[in-house]
Structures are given as C-alpha cells and as structure tokens.
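Residues take their numbers from the sequence shown, with the count starting at 1. Just so it is clear, the structure is predicted and the values come from calculations on it, not from any experiment.
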Amino acid sequence: HLFAMPAKNSILSKTLHTLSNWMMLWTGLGILVSAYTLYIETKFEMNREYVAACDINSYISCTKVLDSQFATGFGLVAPIFGEESILNQKNALYGLLVYFTLSILSRFASPSLVRFNLLVVYGIIAGSLYLFIILIYLRTICLVCYFTYFVNGALCINATRRVYTVEQMIQSERNYKKKK
C-alpha cells in the first residue's frame, strides 16, 4: 500500500477500498445507461417509428431528446468545429469514454489520481447541469437522462468521499511519523 498502516489507516484503507468498489458500481451503471442510450439512438435512426421503453408520451420521451441537436457534441461542437468534426460525436459515446476512464481511475489509491478522479466527476456534473437546462429548454422529461444524473450525483458523492478518505490517510500518516 501507499501508506504505512497505523491502526486508523487500516480502517481508512478498507473505507477507501469500499468506496472504490462503489465507484465501480456507479461507473458500471453509467456505462450501461450510455450503451442503452446509443442503442436507442441507433434504433431510432434506423426506424423513425421506433418507440423506446422510455418513451411514454410527447412530454416524457427519450427519443425526443436523443433526436435533438443537443444529443450530439452537446449541441456545441457542430457550431464551433462543424458537423463533420471528429469531436462531433453522440453524447452517449462521450459518456462511455468518461465512465470507462473513471472505472479505471477508481482502482487507484494514489492521492493525485483520487483528486483527478474528482475533477473528472466535477466535469461530468457541469455537463449534467448543462444538459438538464437543455431538457428544460426542450420541455421534455427524459427518464434515461434523469437516471444518468442520479448516477453522476452518486459518483460525485463517492469521489468526494474518496478524496476526504485519502486526505485523512495522509494526515494520519503525518501524525504517525511525528510520534516516531
């Protein structure tokens, strides 16, 4: 392990391990919801009559949101870089990439990587807030979107707790060394 193990750090190490496992669960759910979103988008592009399980009526509709200009490149890439830009990808594809990256980062206990993980999660939260405002603009309820926001909130809580736990471990290690 990274840290010498005074008694308190043994407990904190177990806590960090548990939090990392929770991060894996939440990132796994993020990957699943992103994959489902890509599935919906693909099915709808192939058949405009396709009705997704999350399409309940004209106000509660995932496909209405996923068919909007904001579902690709967050509605920002095409106006800046053009429709054909390599950066103009489906938001769900970005989601897959970010959740996969977070799942890898969550396996490391290095203080700098734990902090970087939290910064990535803060980026996700900023993106979620932006996309929530888009939902308000579109006057649509998207159940898949709301589930994604829930997952992202859980990731934020977990990532914050991981940083706090690592900071406690560092402080405990410093106190242990001072006593020696």
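Hydrophobic clustering of Ile, Leu, Val, Met, Phe, Trp and Tyr side chains at less than 4.5 Å, counting indirect connections, unites F44 with Y36. Both M169 and V114 are assigned to one and the same hydrophobic cluster, defined by single-linkage of ILVMFWY side chains at heavy-atom distances under 4.5 Å. Transitive grouping of hydrophobic side chains (ILVMFWY, heavy atoms separated by less than 4.5 Å) keeps L155 and Y94 in distinct clusters. Transitive grouping of hydrophobic side chains (ILVMFWY, heavy atoms separated by less than 4.5 Å) keeps V166 and L19 in distinct clusters. Under the 4.5 Å side-chain heavy-atom criterion for grouping Ile, Leu, Val, Met, Phe, Trp and Tyr, I136 is connected to I141 within one hydrophobic cluster.
Residues F70 and Y130 form a side-chain contact, since some pair of their non-hydrogen atoms from C-beta on lies under 4.5 Å apart. Residues I60 and N57 are in side-chain contact: their nearest non-hydrogen atoms beyond the backbone lie under 4.5 Å apart. Side-chain contact between Y122 and T160 is present, with at least one heavy-atom pair separated by less than 4.5 Å. You'll find the side chain of R139 stays beyond 4.5 Å of the side chain of Y59, heavy atoms only. Inter-residue side-chain proximity for S61 and I56 is flagged as unmet; no heavy-atom pair is nearer than 4.5 Å. Using a 4.5 Å cut-off on side-chain heavy atoms (C-beta onward), V120 and T101 make no contact. Residues T15 and Q168 are not in side-chain contact: their nearest non-hydrogen atoms beyond the backbone lie 4.5 Å or more apart.
The distance from the CD1 atom of I157 to the CH2 atom of W26 is 9.0 Å, given to the nearest 0.5 Å. In this structure, CD1 on I31 lies 9.0 Å from CG on L102, to the nearest 0.5 angstrom. With rounding to the nearest 0.5 angstrom, the OG1 atom of T165 is 9.5 Å from the CG atom of N158. To the nearest 0.5 Å, the span separating CD1 on I124 from CG on L119 amounts to 11.5 Å. Rounding to the nearest 0.5 angstrom, the gap separating the CD atom in Q69 from the CD1 atom in I134 is 8.0 Å. Going from atom CG of L138 over to atom OG of S68 covers 5.0 Å, rounded to the nearest 0.5 Å.
The minimum heavy-atom distance linking C156 with L118 is given by the pair O-CD1, 4.3 Å. Heavy atoms only, all atoms of each residue included: S106 and R162 are closest at O-NH2, 3.2 Å. Residues N91 and G73 share a closest heavy-atom pair of OD1-N, 3.2 Å. In terms of heavy atoms, L87 sits closest to V77 at C-CG1, 3.6 Å. Closest non-hydrogen pair, E41 versus A71, comes out as OE2-CB, 3.8 Å. The minimum heavy-atom distance linking A92 with L38 is given by the pair CB-CG, 3.7 Å.
Summarising the local packing, CZ of F74 is surrounded by more than 12 heavy atoms from other residues, nucleotides or ligands at distances under 6.0 Å. Annotation: I86, atom CD1; neighbour count of heavy atoms from other residues, nucleotides and ligands within 6.0 Å does not exceed 12. Annotation: F108, atom CZ; neighbour count of heavy atoms from other residues, nucleotides and ligands within 6.0 Å does not exceed 12. Around atom OH of Y137, no more than 12 heavy atoms belonging to other residues, nucleotides or ligands sit under 6.0 Å away.
Under 3.5 Å, the side chains of Y99 and N152 contain a donor-acceptor pair of N or O atoms. Using a 3.5 Å distance cut-off with no hydrogens or angles, the side chains of N88 and T72 do not pair a donor with an acceptor. Side-chain contact, N21 with R107: a donor N or O sits under 3.5 Å from an acceptor N or O.
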Inset, instruction - Check the pair D67, E45 against side-chain contact (heavy atoms from CB on, under 4.5 Å), reporting the backbone distance first and the verdict last. - result: CA-CA 9 Å; D67 192 41; E45 285 174 1; over 6 Å; no
Inset, instruction - Evaluate the criterion salt bridge (Lys or Arg N to Asp or Glu O under 4.0 Å) for residue pair D55 and K64; output intermediate values, then yes/no. - result: CA-CA 8 Å; D55 287 346; K64 182 178 177 182; over 6 Å; no
Inset, instruction - Apply salt bridge (Lys or Arg N to Asp or Glu O under 4.0 Å) to the pair R115 and E167, showing each step before the final yes or no. - result: CA-CA 10 Å; R115 288 182 195 109; E167 295 297 333; 2.6 Å; yes
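A side-chain donor-acceptor contact under 3.5 Å links S103 to the backbone of F100.
Test L66, V65, T37 against V144 for side-chain contact (heavy atoms from CB on, under 4.5 Å) and you get one pass: T37.
Taking the six-membered ring where the residue is Trp, F132 and Y149 present perpendicular rings, their angle passing 60° and hence far from 30°.
Sorted by first and then second residue, the disulfide bond (SG atoms under 2.5 Å apart) pairs involving residues 62-103 (not counting sequence neighbours) are C54-C62.
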